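This report refers to the structure that appears directly beneath it.
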Amino acid sequence: MEAKFDWYQTTIQESVDPTKHFDAQLASIRAALLAEFDMADFVPAHGKNGYTHGAKVMRGTNTLATLSWGGQPGINVWSTSDNAPRLHRAIVALRCEHEPTRIDSAMDWSEPGLFDVIAQRLIDFAKDKRLAIRQDGDWVRGQGRSLYVGSLDSPVYVIWYEKGWEQK
């Protein structure tokens with residue numbers, strides 16, 4: 001079983017080299033993303049999270065990656081699900097200075113009763129460590145359940161959910 005990126009977000013530092021203009025840096029990022037995401041387009045979009053400009057890498061109506069820049073330092077880029085590892089590969093290929101701002105990892109298991117066993121262990125751990133616990137879904141009937149341990153402000157936040165139920 002191998003963990004994979006489920007969300008990858010990083011801020012690429014703007015070049016301090018006076019010979020590299022910002023537009024050239026953005027063009028190299030665009031080229032790397034379009035090389036990784038074949039048959040995709042780079043389309044204008046609104047900036048997010050306080051950034052003034054934005055773009056998306058899209059294939060048809062599917063957003064593969066989102067970029068934001070201007071108004072604050074760096075170029076912020078993110079992607080989710082199956083596109084997150086591909087975004088990571090494109091950023092690494094650029095060999096540029098960047099600072100990940102959010103990384104979610106995921107592992108998928110399929111075993112009868114496993115959700116209940118792991119959920120109980122996580123609940124016991126959270127109680128012992130005095131961590132926040134939140135439960136969503138129908139815990140009485142055992143359908144569509146999600147367990148959240150920790151807080152969004154924490155460096156580590158665990159979400160345990162029934163993926164098979166989600167995909168129905």
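One is the number of the first residue; the rest follow in order along the sequence. Since the structure is predicted, the reported quantities are computational estimates derived from the model, not experimental observations.
When ring centroids are compared, Phe115 and Trp139 come within the 6.0 Å threshold.
The same ILVMFWY cluster, assembled from side-chain heavy atoms under 4.5 Å apart, contains both Leu114 and Met107. Note on Tyr51: it does not cluster hydrophobically with Val77, by side-chain heavy-atom contacts below 4.5 Å among ILVMFWY residues. Clustering ILVMFWY residues whenever any of their side-chain heavy atoms sit less than 4.5 angstrom apart, transitively, puts Phe37 in the very cluster that holds Leu26. There is a path of hydrophobic side-chain contacts, each under 4.5 Å, that joins Phe125 to Val158. Under the 4.5 Å side-chain heavy-atom criterion for grouping Ile, Leu, Val, Met, Phe, Trp and Tyr, Val57 is not connected to Trp7 through any hydrophobic cluster.
In this structure, CD1 on Ile12 lies 8.5 Å from CG on Asn76, to the nearest 0.5 angstrom. Atom CG of Asn49 is separated from atom CD of Gln72 by 7.5 Å, given to the nearest 0.5 angstrom. The CZ atom of Arg145 sits 12.5 Å away from the CG atom of Asp136 when rounded to the nearest 0.5 Å. Remark: His46 NE2 to Lys56 NZ distance equals 9.0 Å, nearest 0.5 Å. Note that CD1 of Ile123 and CG of Asp128 are 13.5 Å apart. Values are rounded to the nearest 0.5 Å. To the nearest 0.5 Å, atom OG1 of residue Thr10 and atom CD1 of residue Ile75 are 11.0 Å apart.
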For this session: Take Asp6 and Lys4, measure what salt bridge (Lys or Arg N to Asp or Glu O under 4.0 Å) needs, and give me the verdict at the end.
Result: CA-CA 6 Å; Asp6 196 46; Lys4 62 183 177 187; 5.8 Å; no

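Counting non-hydrogen atoms of neighbouring residues, nucleotides and ligands closer than 6.0 angstrom, the NE2 atom of His53 reaches no more than 12 such neighbours. Within a 6.0 Å sphere centred on CD of Glu97, heavy atoms belonging to other residues, nucleotides or ligands number 12 at most. Other residues, nucleotides and ligands contribute more than 12 heavy atoms inside 6.0 Å of the OH atom of Tyr157. For CZ of Arg121, the number of neighbouring non-hydrogen atoms (other residues, nucleotides, ligands) closer than 6.0 Å is 12 at most.
A distance-only check finds a donor-acceptor pair linking the side chain of Ser79 to the backbone of Leu64 [under 3.5 Å].
Heavy atoms only, all atoms of each residue included: Leu131 and Gly150 are closest at CB-N, 4.3 Å. Contact record, Asp104 with Arg102: OD2-NH2, 2.8 Å, taken as the closest heavy-atom pair. Shortest non-hydrogen contact noted between Ser28 and Gln25 is OG-O, 2.8 Å.
Taking the six-membered ring where the residue is Trp, Trp160 and Trp109 present tilted rings, their angle falling between 30° and 60°.
Between Leu147 and the choices Ile133, Ile118, Ile159, the side chain to side chain contact (heavy atoms under 4.5 Å, CB included) rule is met once, by Ile133.
Gln120 and Asp124 are linked by a side-chain donor-acceptor pair at a separation below 3.5 angstrom, with hydrogens and angles left out of the test.
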Listing, residues 82-93 side-chain donor-acceptor contacts under 3.5 Å, not counting sequence neighbours, or none:
| unit_1 | atom_1 | unit_2 | atom_2 | d |
| --- | --- | --- | --- | --- |
| Arg86 | NE | Glu36 | OE2 | 3.2 |
| Arg86 | NH2 | Glu36 | O | 2.3 |
| Arg89 | NE | Glu36 | OE2 | 3.3 |
| Arg89 | NH2 | Glu36 | OE2 | 3.0 |

